[in-house]
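Positions are given from 1, in the same order as the sequence printed here.
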Amino acid sequence: MEHTSETVAEGKLIGETSYAERAVKYTELAIDGIKIDFYDAKNKVVHEVKKSDKVEQAHIAQVKYYLYILHKNGIDDASAIIEYPKMRQKQMIGWEEGDKATVEFWVEEIRKLINLETCPPLVKLKICKKCSYYDFCYSGEVLE
Ligand code: SF4
């Protein structure tokens, strides 16, 4: 759904304009269903830019999944930096003991959801309005 999301497009624009030289220095990497916009192949560092003004667990989970895919493809010592240009902050993310099991647990939980005969009930969250799946999740809802 991300290709139709204005939120994702805005985030991409912030990423590109905050670090204009980045596209020259780093490469885009598409592998096993993920697409890393800025990968520093020399130092094996994933750079992920977030437009958010707070650090969220979902951001960390996203790059942990990237690291998981890199590990699965033989890039064992990759790490990540999540950059928050609005806050002028960086969060370093390494691959730690237990991460493999954690990510595989998430993958298994998602697989179970995908294989359900019907969608689970909608859980309305504050974050939904900014989520790229909003139209999909709320398609059966009557708007107030
Ligand atoms: S319930 Fe749907 S719209 Fe809300 S956060 Fe989850 S995926 Fe996004």
Side-chain angles (χ1 to χ4, degrees), residues 1-23 25-141:
M1 304 297 281
E2 294 210 339
H3 62 289
T4 60
S5 165
E6 282 175 25
T7 310
V8 172
E10 189 192 340
K12 198 166 185 315
L13 185 67
I14 287 175
E16 286 166 1
T17 51
S18 302
Y19 308 101
E21 78 294 351
R22 184 146 300 176
K25 274 169 68 185
Y26 304 146
T27 181
E28 186 179 283
L29 180 64
I31 183 171
D32 276 0
I34 62 165
K35 187 160 76 68
I36 299 169
D37 291 331
F38 301 109
Y39 180 59
D40 175 355
K42 188 172 160 225
N43 298 304
K44 300 181 189 171
V45 178
V46 172
H47 290 264
E48 178 66 26
V49 182
K50 291 294 179 199
K51 71 184 186 71
S52 170
D53 52 13
K54 66 176 193 294
V55 176
E56 289 173 26
Q57 182 57 33
H59 304 158
I60 297 168
Q62 179 188 356
V63 296
K64 287 279 184 186
Y65 186 70
Y66 288 171
L67 296 179
Y68 173 75
I69 294 294
L70 292 175
H71 278 244
K72 263 181 80 180
N73 284 276
I75 305 169
D76 292 331
D77 46 356
S79 61
I81 301 173
I82 310 176
E83 288 151 313
Y84 296 89
K86 276 189 189 168
M87 297 191 287
R88 298 186 184 277
Q89 256 188 45
K90 285 180 182 179
Q91 175 104 7
M92 320 301 267
I93 306 291
W95 186 247
E96 294 159 350
E97 204 182 323
D99 281 347
K100 183 172 182 283
T102 302
V103 174
E104 286 178 348
F105 172 76
W106 297 336
V107 171
E108 191 46 41
E109 290 297 296
I110 291 166
R111 201 164 277 141
K112 281 187 206 160
L113 274 174
I114 291 169
N115 288 326
L116 288 175
E117 296 240 330
T118 53
C119 286
L122 178 62
V123 179
K124 295 182 183 177
L125 304 168
K126 233 169 110 184
I127 196 177
C128 290
K129 284 197 175 136
K130 291 185 188 168
C131 176
S132 47
Y133 288 90
Y134 181 85
D135 289 343
F136 185 70
C137 290
Y138 284 75
S139 63
E141 291 294 299

Margin query: Strictly distance-based, threshold 3.5 Å: is any side-chain N or O of Lys86 a donor or acceptor partner for the main-chain N or O of Ser52?
Written below: no

Note to self: Over 60° means perpendicular and under 30° means parallel, so tell me whether Tyr138 and Tyr134 are parallel, tilted or perpendicular.
What the structure shows: parallel

Notebook entry, point to check: Within a strict 4.5 Å, meaning less than it, do heavy atoms of the Leu70 and Tyr39 side chains meet?
Noted result: yes

Check: Got a donor-acceptor contact below 3.5 angstrom from the His71 side chain to the Asp76 backbone?
Finding: yes

Checklist line | Gap between atom OG of Ser139 and atom CG of Leu122 - 0.5 Å precision | finding: 9.0 Å

Notebook entry, point to check: Can you list the residues that meet the salt bridge (charged side-chain N to carboxylate O under 4.0 Å, His left out) rule with Arg111, with sequence neighbours excluded?
Noted result: Glu108

Item checked: For Asp77, salt bridge (charged side-chain N to carboxylate O under 4.0 Å, His left out) partners two or more places apart -> Lys44

Notebook entry, point to check: With a 4.5 Å heavy-atom cut-off, do Ile127 and Lys129 have their side chains touching?
Noted result: no

Next item on the list: Tell me, please, which residues at least two apart from Asp32 pass side chain to side chain donor-acceptor pair (under 3.5 Å).
Entry: Asn73

Check: So do Thr27 and Ile36 actually touch side chain to side chain, heavy atoms under 4.5 Å?
Finding: no

Would you give me the side-chain donor-acceptor pairs under 3.5 Å for residues 60-69, sequence neighbours excluded?
residue : atom : partner : partner atom : Å
Gln62   : OE1  : Lys50   : NZ           : 2.7
Gln62   : NE2  : Glu48   : OE2          : 3.4
Gln62   : NE2  : Tyr66   : OH           : 2.8
Lys64   : NZ   : Gly94   : O            : 2.7
Lys64   : NZ   : Asp99   : OD2          : 2.6
Tyr68   : OH   : Glu104  : OE2          : 2.9

Next item on the list: Could you grab the distance from atom NZ of Lys130 to atom CG of Leu125, nearest 0.5 Å is fine?
Entry: 13.0 Å

Note to self: Using the rule given for side chain to side chain contact (heavy atoms under 4.5 Å, CB included), can you reason through Ile81 versus Ile93, listing the C-alpha separation, both sets of side-chain angles and the distance that settles it, and then say yes or no?
What the structure shows: CA-CA 6 Å; Ile81 301 173; Ile93 306 291; over 6 Å; no

Notebook entry, point to check: Do Ser79 and Trp95 touch side chain to side chain, with heavy atoms closer than 4.5 Å?
Noted result: no

Item checked: Nearest heavy-atom neighbours spanning His59 and Ile82 -> O-CD1, 3.7 Å

Next item on the list: For the residue pair Leu113 and Leu116, establish whether any side-chain heavy-atom pair is separated by less than 4.5 Å.
Entry: yes

Checklist line | side chain to side chain donor-acceptor pair (under 3.5 Å) against Lys54, all qualifying residues, sequence neighbours excluded | finding: none

Next item on the list: Report yes if the distance between the aromatic ring centroids of Tyr26 and His47 is under 6.0 Å, otherwise no.
Entry: yes

Next item on the list: List in chain and number order the residues that pass side chain to side chain contact (heavy atoms under 4.5 Å, CB included) with Lys42, two or more places apart in sequence or in another chain; answer none if no residue qualifies.
Entry: Asp40

Margin query: Quick one, Lys112 and Ile110 - any side-chain contact, counting heavy atoms below 4.5 Å?
Written below: no

